Protein chains: 2
Amino acid sequence: MASSAGIRIGALSRQSGVNIETIRYYERIGVLPKAPRSSGGYRLYRHGDVARLAFVRRARGLGFSLDDVRELLTLADGKSRSCQRVYNMAGGRLADVRARLVDLRRLEGVLVDMVATCAEGTLPVCPILDALGHAA
Amino acid sequence: MASSAGIRIGALSRQSGVNIETIRYYERIGVLPKAPRSSGGYRLYRHGDVARLAFVRRARGLGFSLDDVRELLTLADGKSRSCQRVYNMAGGRLADVRARLVDLRRLEGVLVDMVATCAEGTLPVCPILDALGHAA
DNA sequence: TCTACACCCTGTAGTCACTACAGACACAAC
DNA sequence: GTTGTGTCTGTAGTGACTACAGGGTGTAGA
C-alpha cells in the first residue's frame, strides 16, 4: 500500500488524539466528511484530516458543542472566513464559561463550609447531612 | 379529598421546585420510594416528601450524582448519621469542583485572548479560526 | 347529564457526546 | 494454515433528565 493512499483510522486516532469510535461517530453525524475507502473497506485519511480533527478537538476542548463545531468548520472552509459569527460564538462560550465559574465558586464555598463544620466525623449528628436537610 | 390524604405530584413539584417528570424519574430509579396511590391511581405525598425532595435538589445542586444522593439519603435515614463517609463524599466533590475550576479558568483565558485578537471582525482572516487551526 | 378542562397515568423515545461491545471481515507475518 | 492485529457495521449503554402519545381521573359550570 503506497503512502499516497493515506493513513487508516488507527493512525489518524494516534496522530490526532481522538479515539477511533469517536472519529467514526463524527463521520456518522456529519462533523467529518465520509472518508473514502480502500479496496478492503477501510477508511482512508490524509494529512488534512489530521488537522481537521485537531481543529475539532481544540474547539470541543473550549466547550463548543458539536453543532457549533460543525458551523465553525463550515466557516473555516468558507472563502470569506469572516469574523462576525465566529466572534459571537466565542463570546457566547466565554459568557457560558464565566457563568459556570460563578456557579462553581459558590459551590466551592458551600462545600468548604460543609467539610469544615464536619471536623473529624466525631459529632453525633453529621452537619453535612443536616445542612442538606435544611434550606441553604 | 381530606388534606390528610396528602398532596399530589403537581403540588409536590411546585413546593419542591423539582419538575413532575423528574419526580417520577427519581421514583423509577429508586432515589425516592414508591409513592402510595389514591383510589384513582394518583401518587400521594406528604410533607416529609417535600423535605426529602428538597434534600435531593440541594445535593444535586452541589453536584452530587444520583448514586451519591441515594447513598446520602440512606445515610441520613440511618440511625448513626455518622460523618466519615459523608465527609469523604463531600471532600471528593470539593476536589472535583476545584479541578473543574482550574480547567474553566484556563478556558476563560484562552477565550478572552481569542475574542481580544478578533477585535471587530474587520480582519480578512479570522484569528479565532486561525487559532483553532493550529496547536494551542 | 353533559362537557370542558386541569391534572395525572404508563411507557417509550429523544437529548448530548461519546463509549462499549458483538460478530464479522482484511491483511500481514510466520 | 494459523495467528494476530486492525478494522468494519450496527446496536446498546451512560447520566440525568425531558418530551411526547395516548389514555384515565376528578371537578366545575351549563
Side-chain angles (χ1 to χ4, degrees), chain A residues 1-3 5-32 34-45 49 53 55-73 92-93 96 100 103, chain B residues 1-3 5-32 34-45 49 53 55-73 89 92-93 96 100 103 107:
Chain A
M1 194 183 288
S3 69
I7 59 174
R8 291 189 315 216
I9 200 168
L12 177 63
S13 172
R14 279 186 297 276
Q15 286 176 42
S16 65
V18 175
N19 103 29
I20 293 182
E21 314 272 12
T22 305
I23 295 171
R24 284 198 283 248
Y25 169 69
Y26 286 168
E27 178 181 308
R28 198 165 65 245
I29 65 167
V31 165
L32 298 179
K34 302 219 166 195
R37 301 301 180 104
S38 73
S39 58
Y42 292 171
R43 287 173 181 81
L44 295 177
Y45 300 95
D49 296 311
L53 202 45
F55 182 106
V56 174
R57 209 168 71 90
R58 276 193 288 275
R60 286 287 303 129
L62 291 172
F64 288 100
S65 72
L66 285 176
D67 270 358
D68 286 346
V69 171
R70 233 187 311 249
E71 187 171 352
L72 287 169
L73 283 168
R93 269 307 301 149
D96 289 350
R100 192 85 187 97
D103 276 2
Chain B
M1 196 182 288
S3 68
I7 59 174
R8 289 188 316 215
I9 200 167
L12 177 63
S13 171
R14 280 186 297 277
Q15 287 176 41
S16 65
V18 176
N19 105 25
I20 293 181
E21 314 271 12
T22 304
I23 295 172
R24 284 198 282 250
Y25 169 70
Y26 285 168
E27 178 181 309
R28 199 165 65 245
I29 64 167
V31 165
L32 298 179
K34 303 219 165 193
R37 301 301 182 102
S38 74
S39 58
Y42 292 171
R43 286 173 182 80
L44 295 178
Y45 300 95
D49 296 312
L53 203 44
F55 181 106
V56 174
R57 208 168 72 88
R58 276 192 289 275
R60 287 286 305 129
L62 291 173
F64 287 100
S65 73
L66 286 177
D67 270 359
D68 285 347
V69 171
R70 231 187 311 249
E71 186 171 351
L72 287 170
L73 284 168
M89 289 171 79
R93 271 307 300 149
D96 289 351
R100 191 87 187 96
D103 278 1
L107 240 68

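Since the model is a prediction, treat every value here as computed from it, not as a measurement. Below, each value reflects all heavy atoms present in this structure, side chains not excepted, and no hydrogens, waters or symmetry copies. Below, read A as the first sequence line, B as the second, and so on, with proteins coming before strands; counting in each chain starts at 1.
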### Query
When the distance from CG of B:Leu12 to C1' of C:dC9 is rounded to whole Å, what number comes out?
16 Å
### Task
May I ask you to verify if any side-chain N or O of A:Asn19 is less than 4.0 angstrom from the OP1 or OP2 atom of C:dC18?
no
### Task
Using a cut-off of strictly less than 4.0 Å, decide whether A:Arg43 has a side-chain nitrogen or oxygen near OP1 or OP2 of D:dT7.
no
### Heavy-atom pair with the smallest gap, counting every atom of A:Arg37 and A:Leu44
C-CD1, 4.0 Å
### Query
Are any of A:Arg8's side-chain N or O atoms less than 4.0 Å away from OP1 or OP2 of D:dC8?
no
### Query
Does a side-chain N-to-carboxylate-O contact under 4.0 Å join A:Glu21 and A:Arg24?
yes
### Query
C:dG11 P sits how many Å from B:Glu27 CD, rounded?
12 Å
### Task
Report yes if at least one side-chain N or O of A:Thr22 is closer than 4.0 Å to OP1 or OP2 of C:dT19; otherwise report no.
yes
### Query
Between atom CZ in B:Arg70 and atom C1' in D:dG15, what is the gap in whole Å?
11 Å
### Separation of C:dC18 P from A:Leu32 CG (nearest whole Å)
11 Å
### Message
When you compare the side chain of B:Tyr26 with that of B:Leu66, does any pair of heavy atoms fall below 4.5 Å?
### Response
yes
### Message
Using a heavy-atom cut-off of 4.0 Å across all strands, would you classify A:Arg60 as base, sugar-phosphate, or nothing?
### Response
sugar-phosphate
### Task
Would you indicate which nucleotide in C:dT19, D:dG26, D:dA19 comes nearest to any side-chain atom of B:Ser38?
D:dG26
### Query
If you look at every heavy atom in A:Arg8 and A:Tyr42, which pair is closest and at what distance?
CD-CD1, 3.3 Å
### Message
If I take atom CD in residue A:Glu21 and atom P in nucleotide C:dA22, what distance separates them, rounded to the nearest angstrom?
### Response
12 Å
### Query
Which atom pair, heavy atoms only, marks the closest approach of B:Met89 to B:Phe64?
O-CE2, 3.8 Å
### Query
So what does B:Ile20 hit on the nucleic acid, given a heavy-atom distance under 4.0 Å: a base, only sugar-phosphate, or nothing?
sugar-phosphate
### Task
Indicate, with a heavy-atom threshold strictly under 4.0 Å, whether A:Phe64 touches base, sugar-phosphate, or nothing.
nothing
### Message
Taking atom types as they are modelled, would you say the side chain of A:Tyr42 forms a donor-acceptor pair with the base of D:dT7 within the 3.5 Å cutoff?
### Response
no
### Task
Just compare C:dC18, C:dT19, C:dC27 and give me whichever is closest to any side-chain atom of A:Tyr26.
C:dC18
### Query
On DNA chain D, nearest-nucleotide positions of B:Gly41 versus B:Gly63: which is more 5'?
B:Gly63
### Task
May I ask you to evaluate whether B:Arg24 reaches the phosphate of C:dT10, defined as a side-chain N or O under 4.0 Å from OP1 or OP2?
no
### Message
Without decimals, in angstroms, what is the distance between B:Ile9 CD1 and D:dT18 P?
### Response
14 Å
### Query
Distance check: side-chain N/O of B:Arg28 vs OP1/OP2 of C:dC9, anything under 4.0 Å?
no
### Message
Between C1' on D:dT25 and CZ on B:Arg37, what's the gap in Å once rounded to a whole number?
### Response
13 Å
### Query
A:Leu44 has an atom CG; how far is it from atom C1' of D:dC8, in whole Å?
13 Å
### Query
Between B:Val18 and B:Ile23, what is the shortest heavy-atom contact and its length?
O-CD1, 3.6 Å
### Query
Phosphate oxygens OP1/OP2 of C:dC16: is one of them under 4.0 Å from a side-chain N or O of A:Tyr25?
no
